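This report refers to the structure that appears directly beneath it.
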Number of protein chains: 2
Amino acid sequence: MMPFKEMSRLDKLIHEPARLSIMSALEACSMAEFLFLQELTGLTKGNMSSHLSKLEKANYVLIGKSFLRKKIPQTTIQITPTGSHALTEYWKQIDHIREITKQWSKETNIAFPG
Amino acid sequence: MMPFKEMSRLDKLIHEPARLSIMSALEACSMAEFLFLQELTGLTKGNMSSHLSKLEKANYVLIGKSFLRKKIPQTTIQITPTGSHALTEYWKQIDHIREITKQWSKETNIAFPG
DNA sequence: GTATTTAGTTTATAATACAAACTAGTTACT
DNA sequence: AGTAACTAGTTTGTATTATAAACTAAATAC
């Protein structure tokens, strides 16, 4: 069993820490504002913006632009079913990797103890 | 509670999938040869070499060069206590993040149900 | 009417993952 | 003996990308 090749198949769009935090936050809220999300994650605006663009391009999030009282721009972000599924799969994959790594480790330590 | 900023503190040297697979493999074997490790991880030689250099510079692995029958070069790699500790901490951090995210998620869903 | 703030986007830079090209030595072939 | 091809890596170049700095557009303050 070769668990290690599995790691290279991790969804890199989600694996990146900034995006992992965005996706995790969005999974918890049904909808979030740009600035709220920024505060939660501690990212700069520029950073937030570009990461969100990537997530949007992959259809992991839905971005809506509206105006508060027809004046102040407000960007709201939601996770899509696709994104939610991808996040779930990501954690499943992490769990799977850890499990089979542990398993392989046990076998190997019998072969090469100490 | 703001779990999401924690993610940006993940040890990036370990987080990178290629290196995570190297470190996981090394944690299982007490010592591994370059080529064995390459086969396990599915990385190219160039890739292996540069990732190992980075891990060595951080003192996460110990690289030893010897010659088989005084002829064929053989590189052996071991994880160091520092590296082993870093890997353990990495998984701990992942667990912690997941846990507090789940917690935060629960709270948030009470505030914004549906 | 100018200055500052708000809510983002775009651009530029610095880091880095990756593979291709290279090195140094070994074995195979004729 | 001499050349070709293989082995075990390393170094170099390229392409991607994470990040922050600079910019935009509109609103409010003075």
Side-chain angles (χ1 to χ4, degrees), chain A residues 4-26 31-58 60-78, chain B residues 4-26 31-58 60-78:
Chain A
F4 308 109
K5 285 175 189 167
E6 291 246 345
M7 298 189 192
S8 63
R9 282 186 223 113
L10 282 169
D11 185 341
K12 286 198 177 175
L13 207 63
I14 289 184
H15 190 63
E16 204 288 317
R19 286 188 299 263
L20 183 56
S21 66
I22 293 173
M23 291 293 285
S24 299
L26 288 174
M31 186 178 283
E33 292 171 28
F34 187 98
L35 295 176
F36 176 60
L37 212 50
Q38 196 203 329
E39 202 199 336
L40 274 182
T41 59
L43 296 169
T44 62
K45 291 165 186 211
N47 233 332
M48 266 293 295
S49 182
S50 67
H51 282 306
L52 284 177
S53 292
K54 280 172 196 177
L55 292 171
E56 187 183 31
K57 204 155 34 173
Y60 282 9
V61 304
L62 191 68
I63 298 179
K65 274 154 215 203
S66 58
F67 290 84
L68 218 58
R69 305 193 325 271
K70 301 194 176 174
K71 293 196 165 181
I72 301 164
Q74 197 191 24
T75 302
T76 57
I77 302 110
Q78 300 175 69
Chain B
F4 308 110
K5 284 174 190 168
E6 292 245 347
M7 297 189 193
S8 63
R9 283 186 224 111
L10 281 170
D11 184 341
K12 287 198 174 172
L13 207 62
I14 289 185
H15 191 62
E16 203 290 317
R19 285 189 299 263
L20 182 56
S21 66
I22 292 173
M23 292 292 285
S24 299
L26 288 174
M31 186 179 281
E33 291 169 30
F34 187 99
L35 294 176
F36 175 60
L37 213 50
Q38 196 203 329
E39 201 198 336
L40 274 181
T41 59
L43 296 168
T44 63
K45 290 163 189 216
N47 233 332
M48 268 292 295
S49 182
S50 66
H51 282 306
L52 284 178
S53 292
K54 278 169 196 179
L55 292 172
E56 187 184 28
K57 205 156 32 176
Y60 282 9
V61 304
L62 191 68
I63 298 179
K65 276 156 213 199
S66 57
F67 289 83
L68 218 59
R69 303 195 325 271
K70 301 193 177 176
K71 292 192 167 188
I72 301 165
Q74 197 192 22
T75 302
T76 56
I77 302 110
Q78 300 175 69

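What you are looking at is a predicted structure, and each value in this text was computed from that prediction instead of being measured. Sequence lines set the chain letters: A, B, ... in the order given, protein chains first and strands last, and positions in each chain run from 1.
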Distance check needed: [N] [atom2] versus [X] [atom1], whole Å only.
X	N	atom1	atom2	value
A/Gln74	D/dA26	CD	P	18 Å
A/Glu33	C/dG8	CD	P	8 Å
A/Glu56	C/dT10	CD	P	11 Å
B/Met48	D/dG9	CE	P	9 Å
B/Leu35	D/dC6	CG	P	16 Å
A/Ile77	C/dG8	CD1	C1'	11 Å

At under 4.0 Å, does any side-chain N or O of A/Ser49 touch on OP1 or OP2 of C/dG8?
-> no
Write out a two-atom table: protein N or O, nucleotide N or O from nucleotides 15-21 of chain C, distance below 3.5 Å.
from	atom 1	to	atom 2	distance (Å)
C/dA17	OP2	B/Arg19	NH1	2.6
C/dA17	OP2	B/Lys54	NZ	3.2
C/dC18	OP1	A/Lys12	NZ	3.0
C/dA19	OP2	B/Asn47	ND2	3.2

Quick one: does [X]'s side chain have a donor or acceptor within less than 3.5 Å of a partner on [Y]'s backbone?
X	Y	value
A/Arg19	A/Ile14	no
B/Glu33	B/Phe36	no
A/Gln38	A/Leu43	yes

Under 4.5 Å between any side-chain heavy atoms of B/Lys12 and A/Pro17, yes or no?
-> yes
